[in-house]
Amino acid sequence: MKKKIYLLGVMMGLTASAAMAQNVGVGTTTPAAKLHVVGNVAIQDGTQGAGKVLTSDAAGIASWQAPAGAGASTATQTASYAVPIGNGAQPSAFFGVTEGSYTTVSNTTNVINFPSQKAAFINYVLGVDDVSAWTGYSPFNRFEIYIDGVASGIFIIIQTEVSGHFELTLSGVRTLSAGNHTFDVRAIRWYNNGAPASAYQICGTISSNLDVTYLN
């Protein structure tokens with residue numbers, strides 16, 4: 001009887017040892033998982049680095065990667081013009097808007113350098129004075145951003161008050177290659193609305209601000 005009890009105890013011990021052998025413990029003698037670590041872990045496979053997180057691929061192979069979204073930052077290049085405080089539009093900033101052809105809006109031409117190909121958010125804010133001698137007309141004019149002499153498709157059509165002040169914002173996203181790019185704003189008469197046909201509506205730039213923002 002004693003031999004049978006002893007044999008049963010040995011078999012139970014072997015069974016427990018086999019179960020334990022399936023788990024590996026580091027810092028513990030009673031691992032509760034295939035790999036059970038109590039303490040710090042160092043995994044150095046050449047991809048490690050400060051701030052990285054351990055990530056697996058579809059096959060379960062782990063490597064250190066930068067957190068999602070990490071390293072994303074923006075850069076903004078700005079160019080601006082404004083008349084001195086206490087002054088209206090200066091004669092040197094006058095431009096005429098008429099039918100049939102675009103006129104470059106004074107003091108809106110700026111060169112921006114792109115370090116590499118970028119999808120950029122382009123934003124122009126303009127302040128314009130109408131200094132024409134017309135009275136009683138409110139024509140519609142189209143203002144459009146040009147990039148390297150080519151229409152960008154970023155435009156606005158506004159009704160301008162003759163002998164008044166108006167403001168406008170032009171913004172959109174365009175992808176541009178590395179290198180220098182020239183930006184300007186151009187205007188054309190879109191609808192006379194009673195204004196003399198082919199006559200120039202004389203305006204003057206009060207302020208111009210260009211912001212070009214892209215991801216680094």
Side-chain angles (χ1 to χ4, degrees), residues 2-81 108-126 144-156 168-185 207-216:
K2 289 182 178 181
K3 289 182 179 180
K4 290 182 179 180
I5 294 174
Y6 175 75
L7 181 58
L8 179 61
V10 171
M11 292 177 64
M12 292 178 64
L14 289 173
T15 302
S17 297
M20 291 286 288
Q22 294 178 14
N23 297 334
V24 176
V26 179
T28 177
T29 57
T30 56
K34 293 293 184 182
L35 176 61
H36 186 163
V37 178
V38 176
N40 294 330
V41 177
I43 301 176
Q44 298 177 334
D45 66 349
T47 64
Q48 69 275 5
K52 291 187 174 182
V53 296
L54 194 62
T55 306
S56 72
D57 61 14
I61 305 301
S63 62
W64 293 104
Q65 302 290 335
S73 62
T74 61
T76 299
Q77 298 191 49
T78 299
S80 61
Y81 161 83
T108 64
T109 302
N110 302 285
V111 177
I112 300 294
N113 179 268
F114 286 74
S116 60
Q117 180 172 295
K118 301 288 186 182
F121 176 73
I122 304 162
N123 187 69
Y124 258 108
V125 179
L126 302 178
E144 182 165 3
I145 296 174
Y146 273 63
I147 304 173
D148 298 327
V150 179
S152 69
I154 303 171
F155 67 90
I156 186 172
L168 57 127
T169 299
L170 298 156
S171 58
V173 176
R174 294 293 182 270
T175 298
L176 297 170
S177 61
N180 290 331
H181 293 280
T182 301
F183 296 79
D184 61 67
V185 177
S207 62
S208 168
N209 189 85
L210 168 63
D211 287 327
V212 178
T213 304
Y214 49 79
L215 288 175
N216 280 322

Any residue meeting side-chain hydrogen bond (donor to acceptor under 3.5 Å, both in side chains) with Q48, in chain and number order, not counting sequence neighbours: none
Derivation of the side-chain contact (heavy atoms from CB on, under 4.5 Å) call for I156 and T169: CA-CA 8 Å; I156 186 172; T169 299; over 6 Å; no
Spatial distance of atom CD1 (I122) from atom CG (L170) [nearest 0.5 Å]: 10.5 Å
Enumerate, atom names and distances included, each donor-acceptor pair closer than 3.5 Å involving a side-chain atom of residues 173-180, sequence neighbours excluded.
unit_1: R174; atom_1: NE; unit_2: S152; atom_2: O; d: 3.0
unit_1: R174; atom_1: NH2; unit_2: S152; atom_2: O; d: 2.9
unit_1: N180; atom_1: OD1; unit_2: N113; atom_2: ND2; d: 2.8

Taking every non-hydrogen atom, the tightest pair across S171 and N123: CB-OD1, 3.2 Å
Heavy-atom pair with the smallest gap, counting every atom of D45 and S63: OD2-CA, 3.9 Å
Closest non-hydrogen atom pair, V38 against G27: CB-O, 3.7 Å
Heavy-atom check, side chain of I112 versus side chain of L210, under 4.5 Å: yes
Main-chain N/O of V185 paired with T108 side-chain donor or acceptor, under 3.5 Å: yes
Distance in Å, H181 NE2 paired with K118 NZ, rounded so as to fall on 0.5 Å steps: 12.0 Å
Any donor-acceptor N/O pair, Y214 side chain to F114 backbone, under 3.5 Å: no
Atom of N23, atom of A32 and distance for their closest heavy-atom approach: ND2-C, 4.1 Å
side-chain hydrogen bond (donor to acceptor under 3.5 Å, both in side chains) partners of D184, counting only residues at least two apart: R186
Side-chain (E144) to main-chain (G153) donor-acceptor, under 3.5 angstrom: yes
Spatial distance of atom CG (D211) from atom CG (N110) [nearest 0.5 Å]: 10.5 Å
For I154 against G172, the heavy-atom pair lying closest together: CD1-CA, 3.7 Å
Least distance between heavy atoms, K34 atom then Q22 atom: CD-O, 3.5 Å
